[in-house]
2 protein chains.
Amino acid sequence: MKQRLAAIGTVETLPHRVAAFLSREIESGELNPGARLPTEQELSEKFGVSRNVVREAIAQLRADGMIEARQGIGAFVLAPEQRAAIRIDREALKDTHNMERLFELRCILEAESAALAAARRSQEHLGSIKAALDRMGGEERWEEGSIDADLLFHREIARATGNSYIHTFISFVCEQIRHSIHYARMTNPLHDLVEINVGEHVRIYDALVAGDPAAAEAAMRAHIIGAANRVGVKLPLSKAKGAK
Amino acid sequence: MKQRLAAIGTVETLPHRVAAFLSREIESGELNPGARLPTEQELSEKFGVSRNVVREAIAQLRADGMIEARQGIGAFVLAPEQRAAIRIDREALKDTHNMERLFELRCILEAESAALAAARRSQEHLGSIKAALDRMGGEERWEEGSIDADLLFHREIARATGNSYIHTFISFVCEQIRHSIHYARMTNPLHDLVEINVGEHVRIYDALVAGDPAAAEAAMRAHIIGAANRVGVKLPLSKAKGAK
DNA sequence: GTCATATATATCATCCTACAACTTACTTCG
DNA sequence: CGAAGTAAGTTGTAGGATGATATATATGAC
């Protein structure tokens, strides 16, 4: 009877659950910055787990800069500004509004990055981007493979900017969107096939080859807006300027 | 002799050090994705700490999606794409090149966000942005206060986009830059006073009031390039278009 | 010999206790 | 009244014990 969804190895460990609980309590504002958390012992009693489990949970929050523990005193909630990590709540992404916001962020990041990539790409970069492009169309409709190739295409463009932070941020945002779409398809098999518009990708690639930043940016912007539409998210971007 | 820098309560706990070590080993490629980590016992012996400490360290890496632990088998390094969090190594930011990259990312994020903010800002938003602006100039040269106000100014603009993810990302990047500059000043007191160009901020604010996205974007871009220059980082942005 | 079952082993997951280090508050004594 | 010392509470670390899970080995039936 111990059913297990096992969403790809996410075994939902005890520390993870405790951390998620506390994290939510902080995000929601029940625990304001400066507030002191209950002691480890109180938490372990409250959740019915060992103090060890509580400590592992707190270690997470601490690493993220959400709380600060001071020996002999206790643990305190830190201000949101001093977070040491960005983490996106996947539960929240089930809300279409948040999905829309994430696509908007992605658009901002990728559009300008495409312009940078067009200006800086090397031949080696173009090669790996082309390879991803080929995989995308040639994957004979094996969905996961096409999606992987799609993501790789975007990551390789981010890499071509030569800026590792841009690469990290774009990879992260894309991956969050991928997970979110994956989940949406699990629960609602309406859109059974995620269409990938190869034409849009080719236009981006051509602009990169031509080394035309403005064209690359426009093509990327159009592509992401299109991709959002295809999964049922319409972007309210102000900047659909000079399209097509 | 137990000297302590005590960078604001960062007491350098044992799990933190172990996590940092493993994290570096993964980032540097010594532990490739798919590779198996040493067992918890081996690690505890290697570092001379208890297994408890090792587990807290691993809990961190797990939460970040850097490794995956499977009961009965071991812990394995995950591919960079499946990170669940973005974290920036502050050690790496001591390198000017990385600082430059971070400013470039910030420029991309904030420029377009300023355009969005200009299109969407409410009166309430303008009020809090103005408040930050006033604090910035009026802080009678108390550095930390001015810097706080500066950051608040940028955060409030990000908030005015109405997109919480944009707010989170911009806050995060700005905070990393702040820490990095703070550190640079500690070790190298050459630039003793971080100048804040109030004029640039006013131009951004005026564009927001006017509801002019293009002007807001241009002003923000010019400001960030200027800010980077003032701390000794020159941005190689391709997009200094329509400058002024 | 081959396959299925049972056992042993390795590893992570959790729990428990104990002590050290640190802070705060109280008590005691001058 | 003041200062030093003491006690209690809290986090940090250590170490061992047990449960859960996966792999490898051994055993036995056919």
Side-chain angles (χ1 to χ4, degrees), chain A residues 1-22 25-26 31 34-78, chain B residues 1-22 26 31 34-78 84:
Chain A
M1 182 48 92
K2 188 191 280 188
Q3 68 170 349
R4 169 160 308 169
L5 293 189
I8 315 178
T10 306
V11 222
E12 189 70 9
T13 177
L14 281 184
H16 180 262
R17 275 161 64 176
V18 174
F21 184 93
L22 292 176
E25 221 165 21
I26 292 174
L31 281 174
R36 199 190 123 176
L37 269 69
T39 68
E40 294 177 354
Q41 191 168 13
E42 284 170 346
L43 287 174
S44 78
E45 287 168 6
K46 173 176 179 181
F47 292 108
V49 298
S50 79
R51 195 183 145 218
N52 232 320
V53 168
V54 172
R55 279 193 62 82
E56 281 188 34
I58 288 184
Q60 279 186 222
L61 303 185
R62 231 154 75 133
D64 286 3
M66 293 184 73
I67 70 176
E68 174 192 33
R70 292 202 303 235
Q71 188 169 352
I73 313 180
F76 301 85
V77 179
L78 291 179
Chain B
M1 184 47 92
K2 190 192 277 186
Q3 69 169 346
R4 169 163 307 166
L5 292 189
I8 315 176
T10 307
V11 223
E12 189 70 6
T13 177
L14 281 185
H16 180 263
R17 276 160 63 176
V18 174
F21 184 93
L22 293 176
I26 292 175
L31 282 174
R36 199 190 122 177
L37 269 68
T39 69
E40 294 177 354
Q41 191 167 14
E42 285 170 344
L43 288 174
S44 78
E45 288 167 5
K46 172 176 179 181
F47 292 109
V49 299
S50 80
R51 200 181 139 227
N52 244 328
V53 168
V54 172
R55 280 194 61 80
E56 283 187 34
I58 288 184
Q60 277 185 224
L61 303 185
R62 236 156 74 132
D64 286 1
M66 292 184 72
I67 69 175
E68 175 192 33
R70 292 203 303 234
Q71 191 168 350
I73 312 180
F76 300 85
V77 179
L78 291 179

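Each chain gets a letter, A, B and so on, in the order the sequences are listed, and its residues count up from 1. Here the structure is a predicted model, which is why all the values come from computation and not from measurement.
Going from atom CZ of B/Arg17 over to atom P of D/dG12 covers 15 Å, rounded to whole Å. Atom P of nucleotide C/dC22 and atom CD of A/Glu68 are separated by 16 Å, given to the nearest angstrom. Rounded to whole Å, atom P of C/dC12 lies 10 Å from atom CD of B/Gln71. Between B/Glu12 atom CD and C/dA21 atom C1' the separation is 17 Å, expressed in whole Å. Rounded to an integer number of Å, the gap from CG of A/Leu14 to P of D/dG19 is 16 Å. One can place CD of B/Glu45 at 13 Å from C1' of D/dG15, the figure rounded to the nearest angstrom.
For B/Gln60 against B/Ala19, the heavy-atom pair with the smallest separation is NE2-CB, 3.5 Å. Between B/Pro15 and B/Ala57, the closest heavy-atom pair is O-CB, 3.4 Å.
The structure places CG of B/Leu43 at 6.0 Å from CD1 of B/Ile58, a figure rounded to the nearest 0.5 Å. To the nearest 0.5 Å, atoms CZ (B/Arg62) and OG1 (A/Thr13) are separated by 5.0 Å. Of the inter-residue distances, the one linking A/Ile67 atom CD1 with A/Leu22 atom CG reads 7.0 Å to the nearest 0.5 angstrom.
Residues that satisfy the side-chain contact (heavy atoms from CB on, under 4.5 Å) test with A/Leu78, not counting sequence neighbours, are A/Glu68, A/Gln82. For the side-chain hydrogen bond (donor to acceptor under 3.5 Å, both in side chains) test, residues two or more places apart in sequence or in another chain that qualify with A/Glu56 are B/Arg55. Every salt bridge (charged side-chain N to carboxylate O under 4.0 Å, His left out) that B/Arg51 has, sequence neighbours left out, goes to B/Glu40. Not counting sequence neighbours, the partners of A/Glu42 by the side-chain contact (heavy atoms from CB on, under 4.5 Å) test are A/Pro38, A/Thr39. With sequence neighbours excluded, the residues forming a side-chain contact (heavy atoms from CB on, under 4.5 Å) with B/Asn52 are A/Asn52, B/Ser50, listed by chain and number.
The overall bend of the helix from C/dG1-D/dC30 to C/dG30-D/dC1, read as the angle between its terminal helix axes built from five base pairs each, is 30° when rounded to 10 degrees.
For A/Thr13, a side-chain nitrogen or oxygen approaches OP1 or OP2 of C/dT14 to under 4.0 Å.
Residues from residues 34-43 of chain B with heavy atoms under 4.0 angstrom of DNA chain C, sorted by number: B/Arg36, B/Thr39, B/Glu40. Looking at residues 49-63 of chain A, you'll see A/Val49, A/Ser50, A/Arg51, A/Asn52, A/Val53 sit with a heavy atom under 4.0 Å from some atom of DNA chain C.
Out of D/dT21, D/dG12, D/dA22, the shortest distance to the side chain of B/Ile73 is found at D/dA22.
Sorted by first and then second residue, the ring pair (Phe, Tyr, Trp, His ring centres under 6.0 Å) pairs with a member in residues 34-64 of chain B read B/Phe21-B/Phe47; sequence neighbours excluded.
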